[in-house]
There are 2 protein chains.
Amino acid sequence: MAERASTGVQSVERAFELLELITNARYEVTLSELAELADLPLPTIHRLLRTLVSLGYVRQLSNRRYGLGPGLIRMGEVASRQLGAWARPHLAGVVAQLGETANMAILDGDMATYVAQVPSAHSMRMFTEVGRRVHTHTSGVGKAILAQLDDAHVRRIVGRAGMPTPTDHSIGDVDALLEDLARIRSRGYSIDDNEQERGVRCYAVAVPGMPSQTAISVSGPLTRVDEQFAARAIPILTEAAHAIAADIENVNRRS
Amino acid sequence: MAERASTGVQSVERAFELLELITNARYEVTLSELAELADLPLPTIHRLLRTLVSLGYVRQLSNRRYGLGPGLIRMGEVASRQLGAWARPHLAGVVAQLGETANMAILDGDMATYVAQVPSAHSMRMFTEVGRRVHTHTSGVGKAILAQLDDAHVRRIVGRAGMPTPTDHSIGDVDALLEDLARIRSRGYSIDDNEQERGVRCYAVAVPGMPSQTAISVSGPLTRVDEQFAARAIPILTEAAHAIAADIENVNRRS
DNA sequence: AAGTAACTTCCACCATTCGGAAACATTCGA
DNA sequence: TCGAATGTTTCCGAATGGTGGAAGTTACTT
């Protein structure tokens, strides 16, 4: 994880770190590999893994290697359902009309996390894994979310999260960011222009009235996602955002 | 969770207990509700939740309620992919031919856990949530798995897990279970006849050659799932089991 | 069969966790 | 609108639960 509270429960953090490492592994992973990746002593890892195995979130195979356990499936599905699966048809509509990858992300602590994605059918396309956390100041969705907040709140978020600059287009100081946010507010949408990743452009709009700060985006390679594309994309994105908002309003009305 | 190691890391266990409670909650849950459900002091829960929030596995909403966080999505998807999503088309074939719910389960510690399911189109149908853990001795899939193991191994598993009898059809002692397993071995398939749940019958076969002990089943109400049904179902189940095994062999060959 | 590497268990120590009390924030009712 | 009640968050010293080096066990390789 990119960020963690210094006052968190250490053993819980370590357990989840191991889970993330196993998730990132090809399929199975050995205790020694985990020890190397996590830089923790073997018995510490072993004890945490034993706990995770007994709880069903990790499995130990007959060859003594470890893999994810079935207990994570239901939690993952419920989380997905709660956070974004119902947005998928709207995102699919965006992809159908624009031909590029559509994402939805929410403000998650001081970061933005992708919670739904419908990928473009192009071979060369934006692929961002659902569940991935990114900095708000370098992502289209992140900036669309920040533009909804007041400047003091923005300062707190980026102050805590930091402002790394992954590319030479990235914004690195809060004043420049606040200027960009002002532009986003007046223009109605946000642009990530090679800021998160070279060669990638992204347009994003906020989803109004959501329980968590939310934005949706469409993104792809510079060759296809240009200003001409934007002229078509923004109304479609905006309409999808409003449709998603209407959906959640209906869900809330039903429960 | 039904079972847990007594030498597990307590704080990790508690963190996951909270995650499970949030997963089971309707959508959002308050700190006080969690305290009541978990029977732990408020500050303990708060501290664990703060850790989980900072890691992204739990979200705190603006109304101070807690919900699952997006960090669980990717782990859940990877776990699902590793454990059972690739079996889904075969299970769907079973359902298409037989019209009843098909499940796949794996041995998970001393229990069996459902890792894939394709439900019947009937209104009245077997519904078992993916991720759910059940006792081996009372479930069709569990007994199909146990029948693959030697008697000493079976004794260890049920000795540790216990042998509760949820219905008056359930097997409650290990000798009767071993006799049933002998029958299963000679007959080639397993039957859960009102043993796990009244009114439900299930036929199951083991999937050969899997990294984890695995079985698939078809189940439904007594009125439809009878011996006549079994005569049709067993060859179809057996064929699906072999097709799944062939799939995993191909996956292993590719990596 | 022997040696090596990887994994698992043990247990004394102390760092981290725990939870009661206090402080803070929100909600509800008059 | 204000005060009381309820719910949530923070603090910090005690003690317990987590840690990790050492020893034991298992699996793999030659």
Side-chain angles (χ1 to χ4, degrees), chain A residues 4-19 21-22 25-55 57-67 69 109-110 152-153 156 160 211-212, chain B residues 1 4-19 21-22 25-55 57-67 69 109-110 150 152-153 156 160 211-212:
Chain A
R4 39 163 76 148
S6 54
T7 53
V9 179
Q10 181 182 251
S11 53
V12 173
E13 289 174 346
R14 284 177 166 178
F16 277 100
E17 184 185 357
L18 292 176
L19 276 175
L21 291 174
I22 298 172
R26 190 67 185 278
Y27 174 49
E28 307 167 346
V29 66
T30 66
L31 186 67
S32 303
E33 284 164 353
L34 286 174
E36 197 178 316
L37 291 165
D39 195 27
L40 290 173
L42 287 171
T44 301
I45 295 179
H46 187 264
R47 187 145 178 269
L48 290 168
L49 283 178
R50 199 170 56 190
T51 302
L52 293 171
V53 167
S54 76
L55 293 174
Y57 303 111
V58 169
R59 279 176 316 141
Q60 190 173 28
L61 310 178
S62 51
N63 60 3
R64 303 207 303 190
R65 303 170 78 92
Y66 295 93
D110 303 319
H153 196 175
R156 281 198 303 275
R160 284 190 298 249
S212 304
Chain B
M1 304 301 295
R4 36 161 82 144
S6 55
T7 54
V9 178
Q10 180 183 253
S11 51
V12 173
E13 288 173 347
R14 285 177 165 178
F16 277 100
E17 186 186 355
L18 292 176
L19 276 175
L21 290 175
I22 297 173
R26 191 66 185 279
Y27 173 48
E28 308 167 347
V29 65
T30 66
L31 185 68
S32 301
E33 285 163 355
L34 287 174
E36 198 178 314
L37 292 165
D39 194 30
L40 290 173
L42 288 170
T44 301
I45 294 177
H46 187 263
R47 188 143 176 272
L48 291 168
L49 283 179
R50 198 170 55 191
T51 303
L52 292 171
V53 167
S54 76
L55 294 174
Y57 304 111
V58 170
R59 279 177 316 145
Q60 189 173 27
L61 310 180
S62 50
N63 59 4
R64 302 203 306 187
R65 304 170 78 91
Y66 295 93
D110 303 319
D150 63 66
H153 195 176
R156 281 198 302 274
R160 284 189 299 247
S212 303

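Sequence lines set the chain letters: A, B, ... in the order given, protein chains first and strands last, and positions in each chain run from 1.
- Listed pair A/R14 / D/dG20 meets the phosphate criterion, a side-chain N or O lying under 4.0 Å from OP1 or OP2.
- Here A/F16 and B/F16 bring their ring centres to under 6.0 angstrom of each other.
- For D/dT8, neither phosphate oxygen OP1 nor OP2 lies less than 4.0 angstrom from any side-chain nitrogen or oxygen of B/H46.
- Using a 4.0 Å heavy-atom criterion, one finds that A/P43 contacts the bases of the nucleic acid, with or without backbone contacts as well.
- For A/R50 and C/dT8, the CZ to P distance is 10 Å, given to the nearest whole Å.
- Considering CD of B/E13 and CG of A/L55, their distance stands at 5.5 Å, rounded to 0.5 Å.
- As a whole-Å value, the separation of B/L18 CG from D/dT8 P is 14 Å.
- Of the candidates C/dC7, C/dT17, C/dG20, C/dT17 carries the atom nearest the B/R47 side chain, counting heavy atoms from C-beta on.
- Checking the phosphate oxygens (OP1, OP2) of C/dT17, a side-chain nitrogen or oxygen of A/S11 falls inside 4.0 Å.
- Separating the CZ atom of B/R65 from the P atom of D/dT8 is a distance of 9 Å, rounded to the nearest angstrom.
- For B/Y66, no side-chain nitrogen or oxygen approaches OP1 or OP2 of D/dG7 to under 4.0 Å.
- Taking for each of A/S32 and A/V12 the nucleotide of DNA chain C with the nearest heavy atom, the 5'-most of the two is the partner of A/S32.
- Proximity note for B/Q60 (side chain, C-beta onward) versus D/dT9, C/dT8, D/dT10: the nearest is D/dT9.
- Map B/E33 and A/Q10 each onto its nearest nucleotide of DNA chain D; the residue landing nearer the 5' end is B/E33.
- Side-chain contact between A/L49 and A/L34 is present, with at least one heavy-atom pair separated by less than 4.5 Å.
- With rounding to whole Å, B/I45 atom CD1 is found 15 Å from D/dT10 atom P.
- Put simply, CG on B/L49 is 14 Å from P on C/dG19, counting in whole angstrom units.
- The interatomic distance linking A/L31 (CG) with D/dT25 (C1') rounds to 14 Å, in whole Å.
- For the pair B/R64 and B/L48, nearest-nucleotide mapping onto DNA chain C gives the more 5' position to B/L48.
- Distances shown here put a side-chain N or O of B/T44 below 4.0 Å from the OP1 or OP2 atom of C/dG19.
- One atom, CG of A/N63, and another, P of D/dT29, lie 12 Å apart when rounded to the nearest Å.
- Residue A/L42 contributes atom CG, which lies 14 Å from atom C1' of D/dA23 at whole-angstrom precision.
- At a threshold of 4.5 Å between non-hydrogen side-chain atoms, the residues A/R47 and B/V9 count as touching.
- By the 4.5 Å heavy-atom criterion applied to side chains, A/L52 and A/L19 are counted as neighbours.
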